[in-house]
Visitor: 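This is the structure, below, for whatever I ask next.
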Amino acid sequence: MSQPLQGKVALVAGASRGAGRGIAVELGAAGATVYVTGRTTREKRSEYDRPETIEDTADLVTEAGGHGIAVPTDHLDPAQVRTLVDRVADEQGRLDILVNDVWGGEKLFEWDSPVWEHDLDNGLRLLRLAVETHAITSHHALPLLLRHPGGLVVEMTDGTAEYNRDNYRSTFFYDLAKWSVLRMAFALGHELGPRGATAVALTPGWLRSEMMLDHYEVREENWRDALGIVPHFAISETPRYVGRAVAALAADPDVARFNGESLSSGGLAQVYGFTDLDGSRPDAWRYLVEVQDAGKPADVTGYR
């Protein structure tokens with residue numbers, strides 16, 4: 001099995017579950033040493049109260065062929081993040097890939113509630129978790145990443161710049177959070193590019209995360225049973241798909257051509273040729289525009 005990231009060191013901030021876990025595992029499969037961070041451990045859960053832990057993710061990274069290292073970290077606490085980065089520097093002497101995937105907002109936003117009706121404390125907490133964590137992590141981690149040329153920063157969000165520019169994302173706080181992360185990648189591109197590193201924003205499509213599967217009361221093995229409730233769920237993808245997108249970017253010697261840009265898992269699959277676990281290449285954001293948002297019946301023909 002090819003391991004193009006052998007010798008590379010990655011930090012996936014927010015890797016307890018979902019896209020972060022999928023990314024960490026695929027970076028491991030490509031041979032990287034992956035520091036896996038989050039607040040849910042085998043000893044303590046975050047307010048999510050979910051069973052997935054950073055230790056589980058680190059084990060999956062190692063099983064995939066890499067070296068997974070779990071480090072409990074609250075990325076809203078600058079001191080904890082500084083300690084994390086100091087540990088990476090002491091143990092590895094380098095950082096090649098930073099994935100800012102901290103989110104934590106699923107239980108904080110209210111669909112279709114205008115800002116004056118939305119719970120203010122929840123909305124502000126969402127912005128802190130989704131935006132402030134990324135800024136804190138970049139502030140402390142980027143000097144280490146810049147020690148060696150060719151570093152990559154991936155800002156994880158929901159929606160491409162084109163889609164989010166033209167579409168209201170359901171609530172003031174959610175819309176603002178996801179657009180802010182897109183802008184972060186753009187700004188980091190300007191700051192990192194001249195210094196030999198690359199920053200991009202990346203979105204998965206309709207993600208079959210653990211929480212999404214639970215929401216539809218299905219498992220990965222029988223996820224298609226949910227299509228009777230939500231037919232457009234047929235375009236969904238596993239977290240490993242966007243993980244393969246990150247691994248492909250990290251292994252690309254010409255990744256700087258994407259500096260500052262907004263990318264998607266489906267779009268990058270067309271560039272690099274990787275597939276989801278089932279061998280398909282779902283292109284969710286094109287599907288959303290051309291099929292779902294256009295009011296057409298669910299039909300993924302030509303989209304996966």
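Hydrogens, waters and symmetry mates play no part in the numbers below; they use all other heavy atoms, side chains included.
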Visitor: Rounded to the nearest 0.5 Å, what's the gap from OG on Ser236 to CG on Leu227? Could you check?
Guide: 7.5 Å
Visitor: Among the clusters formed by ILVMFWY side chains lying less than 4.5 Å apart, do Ile97 and Leu188 turn up in the same one?
Guide: no
Visitor: For the residue pair Arg17 and Tyr48, would you count it as a cation-pi contact if the rule is NZ or CZ under 6.0 angstrom from the ring centre and within 45 degrees of the ring axis?
Guide: yes
Visitor: Is it the case that Thr40 and Ser46 place a side-chain donor and acceptor less than 3.5 Å from each other?
Guide: yes
Visitor: Would you mind reporting whether Leu76 and Glu132 have side-chain heavy atoms less than 4.5 Å apart?
Guide: yes
Visitor: So does Tyr163 get a backbone contact from the side chain of Asn167, meaning a donor-acceptor N/O pair under 3.5 Å?
Guide: yes
Visitor: State the OH-CG distance between Tyr168 and Asp112, to the nearest 0.5 angstrom.
Guide: 6.5 Å
Visitor: Report the C-alpha distance between Arg87 and Glu91 in whole Å, list the side-chain angles of each, state the deciding distance to 0.1 Å, and finish with yes or no for salt bridge (Lys or Arg N to Asp or Glu O under 4.0 Å).
Guide: CA-CA 6 Å; Arg87 175 175 171 178; Glu91 293 178 354; 2.9 Å; yes
Visitor: Could you pull out the closest heavy-atom pair between Asp101 and Gly20, with the gap in Å?
Guide: OD2-N, 2.9 Å
Visitor: Just so I know, are the side chains of Val271 and Leu263 near enough to count as touching, which here means a heavy-atom distance under 4.5 Å?
Guide: no
Visitor: Between atom CG of Leu152 and atom CG of Leu145, what is the distance when rounded to the nearest 0.5 Å?
Guide: 8.0 Å
Visitor: Give a yes or no answer on whether the side chain of Asn222 reaches the backbone of Arg219 with a donor-acceptor pair at less than 3.5 Å.
Guide: yes
Visitor: Does either side chain, that of Ser265 or that of Glu237, offer a donor lying less than 3.5 Å from an acceptor on the other one?
Guide: yes
Visitor: Does the gap between the ring centers of Trp285 and Tyr287 come in under 6.0 Å?
Guide: no
Visitor: Is there a donor-acceptor pair closer than 3.5 Å between any side-chain N or O of Thr203 and the backbone N or O of Thr160?
Guide: no
Visitor: Yes or no on side chain to side chain contact (heavy atoms under 4.5 Å, CB included) for Ile54 and Val71, after CA distance, side-chain angles and deciding distance?
Guide: CA-CA 8 Å; Ile54 56 171; Val71 184; 5.7 Å; no
Visitor: Would you mind reporting whether Gln92 and Ile69 have side-chain heavy atoms less than 4.5 Å apart?
Guide: yes
Visitor: Take a 6.0 Å sphere around CZ of Arg169 and say whether it holds more than 12 heavy atoms from other residues, nucleotides or ligands.
Guide: yes
Visitor: Hey, does Thr137 have a side-chain heavy atom less than 4.5 Å from the side chain of Val85?
Guide: no
Visitor: What residue pairs, at least two apart or across chains, pass ring pair (Phe, Tyr, Trp, His ring centres under 6.0 Å) with a residue in residues 235-270?
Guide: Tyr241-Phe274
Visitor: Does Phe173 form a ring-ring contact (aromatic ring centres under 6.0 Å, His included) with His118? I'd like the steps, not just the answer.
Guide: CA-CA 9 Å; Phe173 291 106; His118 197 290; 4.8 Å; yes
Visitor: Should we say atom CD of Glu221 is surrounded by more than 12 heavy atoms from elsewhere, each under 6.0 Å from it?
Guide: yes
Visitor: My understanding is that only one of Leu126, Asp121, Leu127 makes a side chain to side chain contact (heavy atoms under 4.5 Å, CB included) with Leu108; could you say which?
Guide: Leu126
Visitor: For the atom pair OG1 (Thr33) and CG (Leu95), what is the distance rounded to the nearest 0.5 Å?
Guide: 11.0 Å
Visitor: Could you check whether any side-chain heavy atom of Arg224 comes within less than 4.5 Å of a side-chain heavy atom of Phe233, counting everything from C-beta outward?
Guide: no
Visitor: When clusters are formed by joining ILVMFWY residues with side-chain heavy atoms under 4.5 Å apart, either directly or through shared neighbours, do Leu27 and Leu202 land in the same one?
Guide: yes
Visitor: With side chain to side chain contact (heavy atoms under 4.5 Å, CB included) as the criterion, how do Arg94 and Arg147 come out once you've worked through the C-alpha distance, each side chain's angles and the decisive distance to 0.1 Å?
Guide: CA-CA 7 Å; Arg94 64 186 300 131; Arg147 284 188 188 179; over 6 Å; no
Visitor: Test side chain to side chain contact (heavy atoms under 4.5 Å, CB included) on Ser138 and Glu155 and set out the steps.
Guide: CA-CA 10 Å; Ser138 290; Glu155 288 286 343; 3.8 Å; yes
Visitor: Around Arg195, counting heavy atoms of other residues, nucleotides and ligands shown, do more than 12 lie under 6.0 Å from its CZ?
Guide: no
Visitor: Could you report the tightest heavy-atom contact between Asp283 and Ile235, atom names first, then the distance?
Guide: N-CD1, 4.2 Å
Visitor: Minimum heavy-atom separation for Leu98 to Ala141, with atom names?
Guide: CD2-CB, 4.0 Å
Visitor: Would Val99 and Tyr35 show up in the same hydrophobic cluster when neighbours are defined by side-chain heavy atoms closer than 4.5 Å?
Guide: no
Visitor: Answer yes or no: is there a donor N or O on one side and an acceptor on the other, between the side chain of Glu210 and the main chain of Glu52, under 3.5 Å?
Guide: no
Visitor: Output yes when a side-chain donor or acceptor of Arg21 lies under 3.5 Å from a complementary backbone atom of Ala15, and no otherwise.
Guide: no
Visitor: I need the minimum non-hydrogen distance between His140 and Pro78, along with the two atoms involved.
Guide: NE2-O, 3.6 Å
Visitor: Heavy-atom distance under 4.5 Å between the side chains of Asp214 and Arg50, does that happen here?
Guide: yes
Visitor: Examine distances only and state if a side-chain atom of Asn164 and a backbone atom of Asp158 form a donor-acceptor pair shorter than 3.5 Å.
Guide: yes
Visitor: Considering all heavy atoms of both residues, which atom of Val102 and which atom of Leu129 are nearest to each other, and what is their separation?
Guide: CG1-O, 3.5 Å
Visitor: Taking the basic N atoms (NZ, or NE/NH1/NH2) and the acidic carboxylate oxygens, is any pair closer than 4.0 Å for Glu47 and Arg39?
Guide: yes
Visitor: Is the number of heavy atoms from other residues, nucleotides or ligands under 6.0 Å of Trp111 CH2 greater than 12?
Guide: yes
Visitor: Roughly how far, to the nearest 0.5 Å, is OG1 of Thr73 from CD1 of Ile136?
Guide: 12.0 Å
Visitor: Does the side chain of Leu249 come within less than 4.5 Å of Thr198's, by heavy atoms?
Guide: no
Visitor: Under 4.5 Å between side-chain heavy atoms, counting indirect links through other Ile/Leu/Val/Met/Phe/Trp/Tyr residues: same cluster for Val154 and Val61 or not?
Guide: yes
Visitor: Which pairs count as side-chain hydrogen bond (donor to acceptor under 3.5 Å, both in side chains) when at least one residue sits in residues 242-258, sequence neighbours excluded?
Guide: Glu26-Arg244, Asp252-Arg257, Asp252-Tyr272
Visitor: Once rounded to the nearest 0.5 Å, what's the spacing between atom NE2 of His232 and atom CG of Asp293?
Guide: 8.5 Å
Visitor: Please determine if Arg208 and Asp278 form a salt bridge, counting it only when a charged side-chain N lies under 4.0 Å from a carboxylate O.
Guide: no
Visitor: Would you indicate whether the side-chain heavy atoms of Asp225 and Glu217 approach each other to under 4.5 Å?
Guide: no
Visitor: Measure across Met156 and Ala19 and return the closest heavy-atom pair with its distance rounded to 0.1 Å.
Guide: CE-CB, 4.3 Å
Visitor: Side-chain heavy atoms under 4.5 angstrom apart, residues restricted to Ile, Leu, Val, Met, Phe, Trp, Tyr: same cluster for Trp206 and Val300?
Guide: yes
Visitor: Would you check, one step at a time, whether the test side chain to side chain contact (heavy atoms under 4.5 Å, CB included) holds for Arg240 with Val25?
Guide: CA-CA 7 Å; Arg240 297 282 291 276; Val25 172; 3.6 Å; yes
Visitor: Can you pull the ring pair (Phe, Tyr, Trp, His ring centres under 6.0 Å) pairs that have at least one residue in residues 55-107, sequence neighbours excluded?
Guide: Trp103-Tyr174
